[in-house]
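All values reported here derive from a predicted model rather than from experimental measurement. Naming convention: chains lettered A, B, ... in sequence-line order (proteins, then strands); numbering from 1 in each chain.
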Amino acid sequence: MDKVYITTAIPYVNGNPHIGHAMDYCLADVLARYFQMSGKEVKFQAGTDEHGNKIFQKAKELGVSVEEYTSENTEKFKDFIHKLGVSYTDFIRTTDTEHEKRCQEIWRKLSDHIYLAKYEGYYCTGCERFVTKKEFDENDGVCPDHQKPYEKLEEENYYFRIADFKNKIRKAIIDGEMVILPEFRKKEMLRLLEESPDVSISRPTTQLTWGVPVPDDDTQVMYVWIDALSNYITILGYPEKDISEWWPAVAQFVGKDILRFHAIIWPAMLLGLGLPLPKTVVSHGMILADGQKMSKSIGNVIDPVEVIDKYGLDAFRYYFLRHIDTFSDSDFTWAKFEEAYNNELANDLGNLVQRLATLASKNGIEIEDNNTRNFSGEYKELMEKFQFSKAFDLVWEKVQNLNKRIDEEKPWSLAKNGETEELKECLSNLISDLLSVNYELSPFIPATTEKIFEVFKNPITPPTTPLFPKN
RNA sequence: CGUGGGGUAGAGCAGUCUGGUAGCUCGUUUGGCUCAUAACCAAAAGGUCGUUGGUUCAAAUCCAACCCCCACAACCA
């Protein structure tokens, strides 16, 4: 049996789960369910990124141990993932001991490409971070948040020599060995690749302690990259285990904001380890609130949990998988959401199920349905190109066509005229086609499609409460 | 000259690669149906395709210049 591996970006647990994380999970989940239904064995990773100063400080502020803090937050993310109905199979925390050990092994294996160098720059003791030259100039050398002049500071860091891999990465991207989606991001990445400097991958312990220690140097701790990115393979047991049955991943889902790390640093690491590159890196767009970027300060943040609590999980999945484009930025407003909910979920699909079930049950129709179901060619093609919103559109067209057909074939007239044979055939066909459509809807809105399959088991019984109630 | 995306009916978008009567959804108006969650179906109205110039028998689509909006620029998606 074919095996496929799908990954999601691991969120940094210093905040609450938000809509951006939800996108990652939903997209990956649709693909996972699709592959599962296609008879593949699926491994689906999810996890949390838990190291770094921000988390360390946050815990300190709250007066709890950092272990307690990260555990609590990880639970929040797990709850969130469950709430989204995500069918992940494996969960990783970067604080897992196994992960930390494996990370150190990975560091050792990459050591030919790692060097120690001095970094000199301007540093704000208030922010506890270096600022860019540009930022320094813009603020006239004084931190606007702390009203303190930046200090010139130098520190020693380990660097990972991206330059060693640039040619190979470029070639892999161009040849499609590692596909970057969407296409326009690929171009952007190729350009960024050319400019990519070697990347700093450690911090002195004087600055950062909450992280994986650098092997054989107790004055340095790993900075995010090797620690976080390696999760995709440490979860599979790398390096002790042979991961070739799962790796390379068929798809790695990331937000466009972190695509560059997954298209440059991550491939460089893999090449350094002698591992194949992921087959596809899928970058999804951002969700805008009424045309604007969501931000806490503007106060226009859409909380996915609120949407789910108000309208149900599948309504959420429906909107975000169909009306939010898979690749480019799309807009969310409550008005649009409600419109889609009422017109499409309730009127198109909910009502279709209701009217067909009622017609069948009133006329004592029994369904003989032992067809093996499968996905249409066009649907498969779109799904395998990760064009989920397009695939969803395609299926929805079929839903609407069924409503059309009912109107054309007028089963209620057949019943009135006592044309029982014709009636039976008409309804059986309609129901059978609905169930085929339902099958294709399953990766997107699994709970609803399960209910629909339930409705059309003999004896056919119309849902007692609407699938998508209005108000 | 930082990089990338975009400007097409009231709104949201497709069409641009591979030029050839401008399309979809919602909304609006009108008609039909009655199985259904006042749901469903049909039809109509509505656009100088950002601007200007060029290529062509023909341009939303190719070329050039310009205007406007948005995102990104080491992790507050």
Interatomic distance at C1', B:rG2 relative to B:rU18, whole Å: 33 Å
Nearest-nucleotide 5' precedence on RNA chain B, A:Ile265 against A:Phe184: A:Phe184
Between the protein and nucleotides 7-11 of chain B, which nitrogen or oxygen pairs are less than 3.5 angstrom apart?
none

Earlier contact from the 5' end, RNA chain B, for A:Trp225 and A:Glu195: A:Glu195
Provide a list of protein-nucleic acid N or O atom pairs under 3.5 angstrom, restricted to nucleotides 43-46 of chain B.
none

Strand partner of B:rC24, provided both Watson-Crick or wobble distances fall under 3.5 Å: B:rG12
Atom-pair distance (CG on A:Asp198; P on B:rA74), nearest Å: 17 Å
Listing time: all N or O pairs from protein to nucleotides 24-28 of chain B that are below 3.5 Å?
| unit_1 | atom_1 | unit_2 | atom_2 | d |
| --- | --- | --- | --- | --- |
| B:rC26 | O3' | A:Asn343 | ND2 | 3.2 |
| B:rC26 | O2' | A:Glu339 | OE1 | 3.0 |
| B:rC26 | O2' | A:Glu339 | OE2 | 2.9 |

Every protein N/O within reach of nucleotides 69-72 of chain B N/O, cut-off under 3.5 Å:
| unit_1 | atom_1 | unit_2 | atom_2 | d |
| --- | --- | --- | --- | --- |
| B:rA71 | O2' | A:Lys256 | NZ | 2.9 |
| B:rC72 | OP1 | A:Lys293 | NZ | 2.2 |

Separation of B:rC41 P from A:Asn401 CG (nearest whole Å): 10 Å
Separation of atom NZ in A:Lys58 from atom P in B:rC76, rounded to whole Å: 12 Å
Identify all pairs in which a protein N or O lies below 3.5 Å from an N or O of nucleotides 32-35 of chain B, and state each distance.
| unit_1 | atom_1 | unit_2 | atom_2 | d |
| --- | --- | --- | --- | --- |
| B:rG32 | N2 | A:Asp407 | OD2 | 3.4 |
| B:rC35 | O3' | A:Lys362 | NZ | 3.3 |
| B:rC35 | O2 | A:Arg355 | NE | 3.1 |
| B:rC35 | N3 | A:Arg355 | NE | 3.3 |
| B:rC35 | N3 | A:Arg355 | NH2 | 2.6 |
| B:rC35 | N4 | A:Arg355 | NH2 | 3.1 |

Euclidean distance, atom NZ of residue A:Lys187 to atom P of B:rG2 [Å, nearest integer]: 19 Å
Watson-Crick or G-U wobble partner of B:rA64, both distances under 3.5 Å: B:rU52
Same-atom distance (C1') from B:rA22 to B:rC67, integer angstrom: 25 Å
Separation of atom OH in A:Tyr12 from atom C1' in B:rC75, rounded to whole Å: 9 Å
Whole-angstrom distance between B:rG46 and B:rG12, as gauged at atom C1': 16 Å
Sugar-phosphate only, base, or nothing, as touched by A:Met23 at under 4.0 Å among non-hydrogen atoms: nothing
Listing, residues 196-203 of chain A side-chain donor-acceptor contacts under 3.5 Å, not counting sequence neighbours, or none:
| unit_1 | atom_1 | unit_2 | atom_2 | d |
| --- | --- | --- | --- | --- |
| A:Ser196 | OG | A:Leu192 | O | 2.9 |
| A:Asp198 | OD1 | A:Ile162 | N | 3.1 |
| A:Asp198 | OD1 | A:Ala163 | N | 3.4 |
| A:Asp198 | OD2 | A:Tyr115 | OH | 2.7 |
| A:Ser200 | OG | A:Asn157 | ND2 | 3.2 |
| A:Ser200 | OG | A:Arg203 | NH1 | 2.7 |
| A:Ser202 | OG | A:Tyr158 | N | 2.8 |
| A:Ser202 | OG | A:Gln220 | OE1 | 2.4 |

